[in-house]
Number of protein chains: 2
Amino acid sequence: MNGFGLDHLPYGVFSVAGGPRRVGVRFDDDEGSWVVDLHGETGRPEFAESSLNTFMALGPEVWRQTRDEVRALIEGGCEPLPLEEVTLHLPVEVADYVDFYASLDHASNVGKIFRPDSEPLTPNWRHLPIGYHGRAGTVVVSGTPVTRPSGQRKAPDEATPTYGPSRRLDIEAELGFVVGAPSELGSSVPVTGLADHVFGVTGLNDWSARDIQAWEYVPLGPFLGKSFATSVSPWVTPLAALDAAWVDLPGQDPEPLPYLGPGATRGLDIDIEVELNGEVVSRPPYRSMYWSPAQMLAHLTVNGASLRTGDLFASGTVSGPEPGQRGSFLELCWGGQEPLPGGRTFLEDGDQVVLRYSAPGTGGGRITLGEVTGRVETARH
Amino acid sequence: MNGFGLDHLPYGVFSVAGGPRRVGVRFDDDEGSWVVDLHGETGRPEFAESSLNTFMALGPEVWRQTRDEVRALIEGGCEPLPLEEVTLHLPVEVADYVDFYASLDHASNVGKIFRPDSEPLTPNWRHLPIGYHGRAGTVVVSGTPVTRPSGQRKAPDEATPTYGPSRRLDIEAELGFVVGAPSELGSSVPVTGLADHVFGVTGLNDWSARDIQAWEYVPLGPFLGKSFATSVSPWVTPLAALDAAWVDLPGQDPEPLPYLGPGATRGLDIDIEVELNGEVVSRPPYRSMYWSPAQMLAHLTVNGASLRTGDLFASGTVSGPEPGQRGSFLELCWGGQEPLPGGRTFLEDGDQVVLRYSAPGTGGGRITLGEVTGRVETARH
């Protein structure tokens with residue numbers, strides 16, 4: 001058993017030998033790893049789709065019933081496909097992608113590195129979960145190669161910008177939240193509304209070109225330094241599988257405004273491992289975040305912005321208080337000044353990054369979210 | 001004739017009396033305003049769709065042939081529908097929405113207003129067309145009411161932020177570019193590639209809550225101050241209808257990097273009128289922009305970010321050098337310090353804003369893009 005037991009049952013999209021894409025559920029047992037073909041087993045049309053969106057749009061009551069049904073199917077002896085015989089695809093047709101900045105340790109570290117002469121946290125940071133929109137069209141499934149981006153960058157000691165491949169390619173180890181049930185334009189989702197709208201979570205690597213980002217991001221925020229690729233797990237873990245993972249986050253000072261639900265600071269006890277070329281280089285703990293998922297969702301919609309099925313919002317880089325818990329190479333090598341053992345700072349061509357996630361399961365053991373992998377390929381131009 | 005003659009022929013999506021959505025083309029003649037039901041007239045399946053996306057994905061050669069075919073249909077006496085008998089819908093299923101900041105006058109004005117103690121332009125501004133991703137899910141068709149957003153805002157003289165309806169609701173008069181033909185992840189579109197990918201243009205009002213924006217935007221850019229609504233024309237004017245509108249933009253200093261095509265500064269001679277409650281308050285000229293549409297597209301993709309059919313990128317606020325040419329109330333009232341005649345600064349509930357656009361047509365007269373209207377409704381909470 002490796003974290004895909006009956007207490008997990010994540011959803012994904014697969015195909016077999018060039019056939020159509022279908023919705024499936026993964027489970028592992030003593031004999032191997034399996035994918036249940038949900039359309040084949042149930043005949044429900046929402047599973048004969050190339051993404052989870054149609055199913056997710058049906059809402060929480062259907063999600064609950066389906067989870068029970070899938071468990072019964074497996075226990076009753078359905079005929080699953082061996083995992084190694086299927087191809088996995090991007091599970092969600094991403095509508096809008098929003099990335100937050102919810103780790104106090106990450107925001108403090110980045111502030112110190114990018115703006116050494118200022119207070120590390122901007123004055124708004126403790127009052128609201130800062131976020132911005134990323135590029136939905138370049139969200140890719142785990143395993144998709146990542147081409148090193150080219151663009152315009154200027155180091156502080158250079159007089160003018162130059163064009164070329166990024167010299168500071170980085171990762172951001174994050175947790176992603178997938179919206180299933182939409183909301184109406186002009187309305188807002190209260191801080192109690194997370195489970196009414198969020199279908200599940202995925203691992204997420206928000207690949208970042210720090211040199212491009214540093215030159216472009218004032219005043220309108222990150223753009224090309226982020227928009228070339230964001231990788232997500234092939235499996236979306238339903239919120240119900242994380243029932244045993246909720247914990248109190250460290251706390252908030254000052255108390256946020258009422259719409260952010262002061263005290264609504266329940267987070268998830270998810271451990272992350274960042275692996276570079278087979279070696280673990282960091283272990284960011286999601287339970288150390290400052291802003292909670294419910295607060296991010298309430299903030300995202302407080303202005304009346306509607307949610308669509310397939311919206312993806314992410315936590316921002318997960319970094320804990322210890323050096324070995326930082327979720328980006330920018331922080332791990334402190335802006336390049338403190339190379340890792342072996343001399344490494346940022347990513348090199350050919351590097352393979354794997355993000356692994358685990359959490360307490362409802363069955364007493366641990367579940368493992370779908371991993372997020374990517375290999376860096378040489379810039380094309 | 002009012003700018004919708006045979007030299008224009010913009011595309012939109014309409015329905016009749018609750019029937020299905022269909023792709024149509026508008027034209028006006030001495031007897032009235034008309035919509036050609038393209039599916040009814042041609043039987044082509046890409047016109048029996050609820051957006052232009054399927055048609056736009058077919059690429060420039062099909063766009064050209066179709067334009068000729070539509071003109072022949074009208075000249076040959078098809079049976080169009082009276083405009084007043086149809087309902088118009090959002091013409092494009094928006095994939096990613098990117099907003100640029102391409103007007104030197106606008107960026108300078110905003111810099112002076114938002115950051116009075118700094119240089120108005122950030123050091124990167126003249127080196128690259130600054131842009132950011134906006135919320136695609138809240139792009140709405142002209143005529144959709146705009147609910148005043150609530151959120152967190154803090155004036156510089158307030159000690160802590162408060163929650164409530166925006167007190168500085170504003171517009172941004174912009175031009176939008178609609179991508180029809182996609183591009184591959186990892187590749188970039190050269191500065192010569194505009195017409196290979198961009199299907200057409202729309203008017204665009206990027207509604208903005210300046211108080212929310214001012215408090216939230218450092219360091220990751222605008223988010224909730226913009227994400228509640230962006231209005232676009234119901235009609236997408238194909239690039240071909242603007243063949244006579246290309247002009248040289250004012251010029252660029254310093255010369256940009258080669259990927260931005262130094263000298264590729266052809267812009268569009270489009271006049272904009274901003275009307276508030278029936279009175280014209282500003283006339284922004286699009287020909288005064290600093291960065292060209294071709295440069296914005298080349299920059300957007302230089303890092304390998306792919307284009308999808310339905311991507312929308314906008315110019316940012318169009319402001320000319322004269323006070324009567326500013327494309328936002330923020331600038332027109334100079335941050336609230338210089339009210340307009342009558343005492344007006346920002347938008348009040350019940351205000352009706354109309355953006356009108358006109359350009360030289362290929363027939364010697366002028367064409368008028370689809371107007372962009374919106375009425376401000378009271379905040380819901």
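Letters A, B, ... mirror the listed sequences (proteins, then strands); counts begin at 1. Just so it is clear, the values below take in all heavy atoms, side chains as well, and ignore hydrogens, waters and symmetry mates.
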A.B. asks: If every non-hydrogen atom of Pro219(B) is compared with every non-hydrogen atom of Tyr101(A), which pair is closest and at what distance?
C.D. replies: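 It is CG-CE2, 4.2 Å.
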A.B. asks: Can you tell me which of Ala379(A), Gly151(A), Ala136(A) forms the most heavy-atom pairs within a distance under 4.5 Å of chain B?
C.D. replies: Ala136(A)
A.B. asks: Select one option (side chain, backbone, both, neither) describing which atoms of Ser166(A) are under 4.5 Å from chain B's heavy atoms.
C.D. replies: neither
A.B. asks: Against chain B, label Val140(A) side chain, backbone, both or neither, depending on which of its atoms sit under 4.5 Å from a heavy atom there.
C.D. replies: side chain
A.B. asks: Which atom pair, heavy atoms only, marks the closest approach of Asp96(B) to Gly137(A)?
C.D. replies: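 Taking every non-hydrogen atom into account, OD2-N, 2.7 Å.
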A.B. asks: Using a cut-off of under 4.5 Å for heavy-atom pairs, which of Leu257(A), Thr122(A), Thr147(A) has the most such pairs with chain B?
C.D. replies: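 Highest number of pairs under 4.5 Å: Leu257(A).
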A.B. asks: So for Phe228(A), is it side chain, backbone, both, or neither that comes closer than 4.5 Å to the heavy atoms of chain B?
C.D. replies: both
A.B. asks: Answer with side chain, backbone, both or neither: which region of Ser150(A) has an atom nearer than 4.5 Å to a non-hydrogen atom of chain B?
C.D. replies: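 Looking at Ser150(A), backbone and side chain both touch chain B.
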A.B. asks: With respect to chain A, which residue among Ala95(B), Ser188(B), Gly304(B), Ala209(B) yields the maximal number of heavy-atom pairs within a distance under 4.5 Å?
C.D. replies: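 Max contact count across the listed options: Ser188(B).
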A.B. asks: Do you know which two heavy atoms are closest between Trp215(B) and Leu128(A), and how far apart they sit?
C.D. replies: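 Looking at all heavy atoms of both residues, the shortest contact is NE1-CD2, 3.5 Å.
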A.B. asks: Using heavy-atom distances under 4.5 Å, tell me whether Pro123(A) contacts chain B through its side chain, its backbone, both, or neither.
C.D. replies: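 Both backbone and side chain.
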A.B. asks: Could you check whether the rings of Phe223(B) and His133(A) sit parallel, tilted or perpendicular, using 30° and 60° as the cut-offs?
C.D. replies: perpendicular
A.B. asks: Can you say whether Leu185(A) sits under 4.5 Å from chain B via the side chain, the backbone, both, or neither, judging by heavy atoms?
C.D. replies: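 Looking at Leu185(A), backbone and side chain both touch chain B.
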A.B. asks: Work out which heavy atom in Ser227(B) is nearest to a heavy atom in Ala305(A); give both atom names and the distance.
C.D. replies: O-CB, 3.6 Å
A.B. asks: Counting only non-hydrogen atoms closer than 4.5 Å, does Arg115(B) touch chain A with its backbone (N, CA, C, O), its side chain (CB onward), both, or neither?
C.D. replies: side chain
A.B. asks: Does Glu377(B) CD have over 12 foreign heavy atoms under 6.0 Å away?
C.D. replies: yes
A.B. asks: Using only atom types and a distance under 3.5 Å, with no angle test, would you say the side chain of Arg135(A) pairs donor to acceptor with the backbone of Val98(B)?
C.D. replies: no
A.B. asks: Could you report the tightest heavy-atom contact between Leu224(A) and Asn303(B), atom names first, then the distance?
C.D. replies: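 Smallest heavy-atom distance, with atoms named: O-ND2, 2.8 Å.
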A.B. asks: Using 0.5 Å steps for rounding, measure from the NE2 atom of His299(B) to the CD atom of Glu216(A).
C.D. replies: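 If we round to the nearest 0.5 Å, His299(B):NE2 and Glu216(A):CD are 6.0 Å apart.
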A.B. asks: Among Asn124(B), Leu260(B), Val302(B), whose side-chain contact (heavy atoms from CB on, under 4.5 Å) with Gln152(A) holds?
C.D. replies: Leu260(B)
A.B. asks: Can you tell which of Gly131(A), Ser306(A), Pro149(A) has the highest number of heavy-atom pairs within less than 4.5 Å of chain B?
C.D. replies: Gly131(A)
A.B. asks: Looking only at heavy atoms, what is the nearest atom pair of Pro161(A) and His127(B), with distance?
C.D. replies: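 Shortest heavy-atom separation between Pro161(A) and His127(B) comes out as CG-ND1, 3.4 Å.
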